[in-house]
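Since the structure comes first, as structure tokens, the remarks are kept for the end.
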Amino acid sequence: MYDVDALRTLVPALSDGTAYFDAPGGTQTPAPVAGVVARTMTSGISNRGTVTASERRAEEVVRGARNAMADLLGADPRGVVFGRSMTQITYDLARTLAAGWSEGDEVVVSRLDHDANVRPWVQAAERAGVTVRWIDFDPQTAELTVDDVAAVLTERTRLVALTAASNLVGTRPDVAAISRLVHDAGALFAVDGVHATAHAGTDVGALGADFHLCSPYKFMGPHCGVLAASPELLETLHPDKLAPSTDAVPERFELGTLPYELLAGTSATVDLIASLGSGDSGTTRRERVLDAMAAIEEHEDRLRLRIENGLVDLGAQLWSRAARRTPTLLFRLPGVADADVHRGLAERGVNAPAGSFYALECSRRLGLGDTGAVRVGLAPYSDAGDVDRLLTALGELV
Ligand SMILES: Cc1ncc(COP(=O)(O)O)c(C=O)c1O
């Protein structure tokens with residue numbers, strides 16, 4: 001049984017009474033995670049090494065964080081790369097891959113994606129003289145199908161970049177099926193898992209993602225970004241790096257000194273997530289993570305349904321319609337401007353901003369221009385009381 005009350009007692013921010021529905025932008029941090037971040041900064045810590053205790057501590061933090069993310073994602077820890085953000089890592093990756101592209105090659109991006117999985121590829125393609133092709137989606141259903149991807153693949157496709165879930169409308173394309181098509185075409189597959197990783201168990205192998213990116217601050221962790229890839233694939237790539245820095249994988253992809261405190265916090269986050277399941281779900285952390293993510297998904301889906309029904313009752317227009325989706329709802333209230341909904345909710349202690357949330361192409365395709373609509377998203381700590389307050393507040397605004 002998923003115990004949301006127990007989790008809520010661990011999240012200090014919730015004690016201010018705010019109902020946080022802005023989790024797709026960033027989650028609130030549990031005290032055990034923040035405590036590990038602080039303790040890492042105040043314990044003796046030096047640059048990584050093997051001689052002093054503080055060097056070994058840094059080494060252990062990095063090793064621990066790679067293992068933790070590998071357990072969260074079903075990935076190989078030797079291919080886990082840390083960076084400042086998903087956006088930064090994607091820019092670096094695009095620049096590195098583009099060095100191997102030639103004129104006539106094609107790169108595929110989608111209109112469903114956050115701009116962080118669009119613009120870095122588009123800009124790298126333009127500089128390399130490579131053609132950009134766009135995967136469309138159906139704005140009526142918000143579905144992006146395998147056929148939509150098949151329609152743009154050619155023998156010149158070098159890379160396909162696609163999200164595992166839309167941060168604007170929640171759509172979860174069938175990434176595993178799409179990866180088979182992408183690989184049949186001989187292309188690499190870069191999957192934006194930033195939104196999806198927060199809401200469902202992830203298995204990068206089953207997804208067929210050559211590159212899988214996510215950001216721990218979307219699942220109650222610190223502000224950093226994570227790339228998971230096979231170490232063998234990373235060995236074939238040569239990013240710009242400083243002369244004295246190691247050429248080893250995955251360090252080759254990590255520019256400068258790693259933020260040890262954030263990495264330690266990331267490990268603590270995965271441990272915390274692993275503790276949220278039923279408790280009798282196997283012995284490995286990976287098994288416990290998957291059990292916990294299934295419980296979180298079920299909990300969030302239940303709350304999402306209540307919100308959705310409430311929105312329908314209020315006569316709201318909803319753009320989140322895909323059959324498979326995260327608990328992220330984009331809507332507009334009848335007769336109330338989006339900015340007024342955002343402000344009116346804020347006055348009532350409910351956080352749910354309006355915007356396109358950097359899913360610019362998606363917002364445009366939905367006919368919402370660059371300004372989007374109101375977004376409500378859930379987190380593992382969201383509860384029925386939050387939903388009551390949201391629906392009551394929306395009712396008052398209508
Ligand atoms: C789906 C999605 N992809 C990418 C990003 C960018 O992540 P980061 O802030 O780590 O660069 C976000 C952030 O909102 C997102 O929601």
Side-chain angles (χ1 to χ4, degrees), residues 20-29 65 69 72-73 80-95 109-123 135 137 142 144 160-173 175 189-200 202 204 207 209 211-228 253-255 258-259 262-263 265-266 269 319-320 322 324-330 351-363 365-366 372-373 375-379:
Y20 291 92
F21 288 99
D22 47 4
T27 41
Q28 305 307 311
T29 310
M69 285 308 300
L72 184 72
L73 302 172
V80 171
V81 173
F82 288 97
R84 195 178 72 70
S85 62
M86 176 277 185
T87 302
Q88 173 256 307
I89 299 174
T90 305
Y91 262 113
D92 285 350
L93 194 58
R95 201 166 45 239
V109 294
S110 101
R111 297 203 188 279
L112 188 65
D113 273 76
H114 186 286
D115 216 51
N117 202 33
V118 174
R119 222 54 57 186
W121 302 113
V122 168
Q123 290 164 357
I135 308 168
F137 69 95
L144 185 151
V160 175
L162 178 65
T163 193
S166 157
N167 65 308
L168 193 62
V169 288
T171 302
R172 293 171 63 189
V175 170
F189 194 25
V191 174
D192 177 358
V194 172
H195 188 61
T197 305
H199 299 292
T202 300
V204 293
L207 289 178
F211 305 103
H212 181 279
L213 292 103
C214 67
S215 309
Y217 75 95
K218 305 288 192 186
F219 46 86
M220 303 186 290
H223 287 83
C224 58
V226 183
L227 161 68
F253 293 83
E254 296 171 327
L255 304 180
L258 285 169
L262 305 185
L263 266 53
T266 298
T269 307
W319 283 275
S320 302
R324 245 178 108 243
R325 58 192 153 87
T326 61
T328 298
L329 299 168
L330 189 75
N351 286 15
S356 69
F357 305 99
Y358 280 34
L360 192 62
E361 303 291 343
C362 183
S363 179
R365 187 70 181 105
L366 291 170
R375 182 179 70 178
V376 156
L378 297 171

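Sequential numbering from 1 along the given sequence is applied to the chain's residues. All ligand and atom numbering here is 1-based and tracks the order in the structure.
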Legend entry - Donor-acceptor contact present, side-chain R324 to main-chain R172, <3.5 Å: yes
Put together the list of close N/O pairs, under 3.5 Å, between ligand 1 and the protein, could you?
residue, atom, partner, partner atom, Å
ligand 1, 3 (N), D192, OD1, 3.4
ligand 1, 3 (N), D192, OD2, 2.5
ligand 1, 9 (O), Y217, OH, 2.5
ligand 1, 10 (O), M86, N, 2.8
ligand 1, 10 (O), S215, OG, 2.7
ligand 1, 11 (O), M86, N, 3.3
ligand 1, 11 (O), T87, N, 2.8
ligand 1, 11 (O), T87, OG1, 2.5
ligand 1, 14 (O), K218, NZ, 2.6

To the nearest 0.5 angstrom, please state how far the [atom1] atom of [X] sits from the [atom2] atom of [Y].
| X | Y | atom1 | atom2 | value |
| --- | --- | --- | --- | --- |
| M69 | L263 | CE | CG | 10.0 Å |
| F189 | H212 | CZ | NE2 | 10.0 Å |
| D113 | W121 | CG | CH2 | 11.0 Å |

Return all side-chain donor-acceptor pairs below 3.5 angstrom for residues 20-29, not counting sequence neighbours, or 'none' if the list is empty.
residue, atom, partner, partner atom, Å
Y20, OH, D16, OD2, 3.1
D22, OD2, N351, ND2, 3.3
T27, OG1, Y217, O, 2.6
T27, OG1, M220, N, 2.7

Legend entry - Polar contact flag, side-chain donor to acceptor under 3.5 angstrom, H195-T163: no
